[in-house]
Amino acid sequence: MLQLSVIRENPEAVIQRLSIKHFDGREIIPNIIALDDKRKETQKHLDESLAQANSMAKEIGLLFQSGKAEQANNLKAKTMELKNLSKELGTSLESTKEELEDLLVKVPNLPHSSVPAGNSAEDNVKMMQEGKIPQLSKDALAHWDLAVKYDIIDFALGTKISGAGFPLYKGQGARLQRALINFFLDKATGAGYLEIQPPLMVNPASGFGTGQLPDKDGQMYYVPLDDLYLIPTAEVPVTNIYRDVILKESDLPLKNVAYSGCFRREAGSYGKDVRGLNRLHQFDKVEIVRIAHPEKSYEDLEEMRDYVSGLLRLLELPFRVLKLCGADLSFTSALTYDMEVFSVAQQRWLEVSSISNFEAFQANRLKLRFRNEAGKIQLAHTLNGSALALPRIVAAMLENNQSEKGIRIPAALVPYTGFEYIT
RNA sequence: GGAGAGGUGGGUGAGUGGCUGAAACCAACAGUUUGCUAAACUGUCGUACGGGAAACUGUACCGGGGGUUCGAAUCCCCCCCUCUCCGCCA
C-alpha cells in the first residue's frame with residue numbers, strides 16, 4: 001500500500017510513475033486525495049464533538065460530587081444531542097476510511113526510476129548473461145523424460161495421490177531435493193542470514209500484510225474450516241514476523257532465510273508452461289528476506305542479486321539476469337530482477353529466482369517501522385528473493401548435465417548428494 | 001473436543017465506574033559522577049490520526065467487536081487467543 005503522504009506530496013508525479021506500470025491513476029489518485037480530505041474534515045468534527053462530551057461528563061461528575069444533582073441532571077439532558085452527533089460522525093468517518101482504504105489497496109507500488117515502461121515480458125532488460133550453454137546430442141531428452149528414464153520423479157504417482165502438479169520424488173531424485181535444500185540453507189546462513197522455519201499455513205492478516213490478499217486469494221489454497229491459507233512462498237510467514245513491529249535502526253538490515261514447501265493453485269495455467277517441473281502446485285523453495293534501511297535498500301538488492309548469481313555459478317548453470325519492465329513488474333514491487341537458467345533440451349529460459357525491492361509498500365501495510373536516529377518512526381523497506389526455487393533448477397540440471405554416464409551433479413553439490421552422477 | 005483460569009505500556013504488574021493514557025518496579029535511552037568498568041543519582045521513555053512554525057494541544061486505543069451509562073481498563077453480551085487439567089494424538 002502506497003503511503004498517503006507520498007500521494008499527497010506530489011500527485012502528478014505519482015500518476016506519471018504509475019503510468020510506467022500501465023496503471024491509469026488519473027481518476028483514482030484525485031479521488032484518494034478528496035476522500036482523505038473528507039476523512040480529515042469528518043475526524044475534526046468528531047473530535048470536537050467528543051471533546052465537548054468529555055468535558056460535559058467531567059462537569060456532571062463534579063456536580064454530583066458536590067451535591068448539585070439538579071444542575072447535573074440538566075446537563076445530562078443536553079448530552080443526548082452530542083451523543084447522537086458523535087454517533088453519526090463516527091459512522092460517517094468509518095465508511096469514509098473504508099472507502100479510502102478500498103481505493104488505496106488498488107494502487108500498485110511506484111516503480112523505481114530506472115524501470116522502463118515496456119509493453120510485455122519481451123521488453124524486460126537483459127542485464128547480463130553468463131555460463132556456457134552446452135551442446136546436446138540430438139537424442140537429448142527433456143527433464144520429464146529423464147525423470148522416467150532414471151526413475152527419480154514420478155509424476156503419475158503424484159497425480160494418483162494428489163493430482164497434477166504434485167510430483168513425487170524418489171531415490172536419487174528425493175536425495176537431490178534434500179541436497180539442494182541443505183546446500184541453499186548452508187550458503188545463506190554462511191552469508192549471514194538467520195535461518196527460520198516458518199509455519200506453512202497463515203491467517204488472513206498475514207496474507208494481507210504481504211499483499212497476497214485481498215486480490216490474489218484465488219492463487220492460494222484455503223482451508224475454510226480453520227480460516228487458514230497454505231503459503232505460496234516463505235516470504236509470507238517470514239515477512240509477517242515483522243508485522244506491527246518497531247525496530248531499532250541498529251537492527252537493520254535484518255536478514256532471514258527460510259526453506260518451505262510452497263503451494264500454489266496456479267489457476268488458469270496450461271500447456272507447455274506446466275509440463276514436467278515447469279509449474280507445480282507444490283514445490284520447494286529457499287527464500288531470503290531482508291528488512292532494510294530505506295537509504296540502503298538498493299545496495300541490499302544488488303547484494304542479493306550477487307548472492308543468487310553466486311549460487312547459480314556454483315551449480316554451474318548458464319543464467320541471465322533481467323530487470324523487469326513496468327509492464328511485467330508485480331503490483332507490489334518497485335524493482336525486480338528475474339534470474340533465469342537455460343534449460344537446454346527445452347531450449348528455453350526458466351525463471352528460478354525473482355529478487356525484489358518493495359521499498360515501503362509492504363511495510364506500510366505491515367506497519368513495519370524503525371526508530372531513526374532523530375527518534376522519529378519511519379517505515380522500513382522490505383526485500384526478498386528466491387535462493388532458490390528447486391524444480392526449475394532440477395529441470396535445467398537434468399537436461400543440461402545429461403550424458404552417457406548419467407546426470408552429472410555439480411561439484412559444489414556432491415558433498416550434499418553423496419553421488420556424482422544420477423544413474 | 002470438555003472443564004477451569006486469565007489476556008493492561010518493551011517486560012513484571014497495580015488498578016472493580018469519574019481525579020487513570022494508566023501506579024510501582026525492571027529494561028531502554030540521555031546526562032551527572034567516575035582513572036576505566038560497575039554502582040549511584042537526575043531526566044526522558046506507548047502508538048495512531050488531527051490542529052499548531054514551535055512550545056504545546058484535541059481525539060482514539062488497556063486481546064477484538066458490540067452494549068449499558070452523562071462518564072468504562074473497570075459492568076453486560078459475543079468472538080479470538082494464552083495457560084492448567086481431562087480426552088485425542090505425530
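In what follows, chains are A, B, ... by sequence order, proteins preceding strands, each numbered from 1.
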As its Watson-Crick or G-U partner within any shown strand, both distances under 3.5 Å, B:C85 has B:G2
Taking a pair to mean Watson-Crick or G-U wobble geometry with both distances below 3.5 Å, B:A48 pairs with B:U59
Of A:Lys87 and A:Lys58, the one whose nearest nucleotide on RNA chain B sits closer to the 5' end is A:Lys58
Min and max contacting nt of RNA chain B in 5' to 3' order, chain A heavy atoms within under 4.0 angstrom, are B:G18 to B:G71
Between B:A14 and B:G4 - C1' atom distance, rounded Å:
25 Å
- prompt: Distance between the P atoms of B:C26 and B:C86, in whole angstroms?
  reply: 39 Å
A:Tyr307 vs A:Tyr193 aromatic rings, parallel, tilted or perpendicular, using cut-offs 30° and 60°? tilted
Notebook entry, point to check: A:His281 vs A:Tyr221 aromatic rings, parallel, tilted or perpendicular, using cut-offs 30° and 60°?
Noted result: perpendicular
Correct closest heavy-atom pair for A:Leu82 and A:Ala53 would be CD1-N, 3.7 Å
As its Watson-Crick or G-U partner within any shown strand, both distances under 3.5 Å, B:C41 has B:G31
- prompt: C1' atom, B:G9 versus B:G17: distance in rounded Å?
  reply: 22 Å
**Request:** Could you check whether the rings of A:Phe331 and A:Phe361 sit parallel, tilted or perpendicular, using 30° and 60° as the cut-offs?
**Result:** perpendicular
Comparing nearest nucleotides in RNA chain B, the 5'-proximal residue of the pair A:Met80, A:Ala57 is A:Ala57
Pairing partner of B:A73, by Watson-Crick or G-U wobble and under 3.5 Å for both distances, is none
Could you go through residues 256-264 of chain A and list every donor-acceptor pair under 3.5 Å that involves a side-chain atom there, pairing it with any protein atom two or more places apart or in another chain?
| from | atom 1 | to | atom 2 | distance (Å) |
| --- | --- | --- | --- | --- |
| A:Asn256 | OD1 | A:Tyr242 | OH | 2.5 |
| A:Tyr259 | OH | A:Asp284 | OD1 | 2.5 |
| A:Arg264 | NE | A:Pro232 | O | 2.9 |
| A:Arg264 | NH2 | A:Pro232 | O | 3.0 |

For A:Glu316 and A:Ala411, the nearest pair of non-hydrogen atoms, with its separation, is OE2-N, 3.4 Å
So ring pair (Phe, Tyr, Trp, His ring centres under 6.0 Å) across residues 3-52 of chain A, not counting sequence neighbours, yields none
Practice problem: Sticking with atom C1', work out how far B:G67 lies from B:G71, rounded to a whole angstrom. | Solution: 15 Å
When the P atoms of B:U32 and B:A38 are compared, how many Å lie between them, rounded to an integer? 15 Å
**Asked** What integer number of Å spans the P atoms of B:G15 and B:A24?
**Response** 15 Å
If the C1' atom of B:U20 is compared with that of B:G6, how far apart are they to the nearest Å? 22 Å
Applying the 3.5 Å cut-off to both distances, the Watson-Crick or G-U partner of B:C25 turns out to be B:G11
* To do: Please state the C1' separation for the pair B:G63 and B:C83 - nearest whole angstrom.
  => 15 Å
Could you check whether A:Ile377 gets within reach of a base, just the sugar-phosphate, or nothing at all, counting any heavy atom under 4.0 Å?
-> sugar-phosphate
B:U68 -> Watson-Crick or G-U wobble partner, both distances under 3.5 Å, gives none
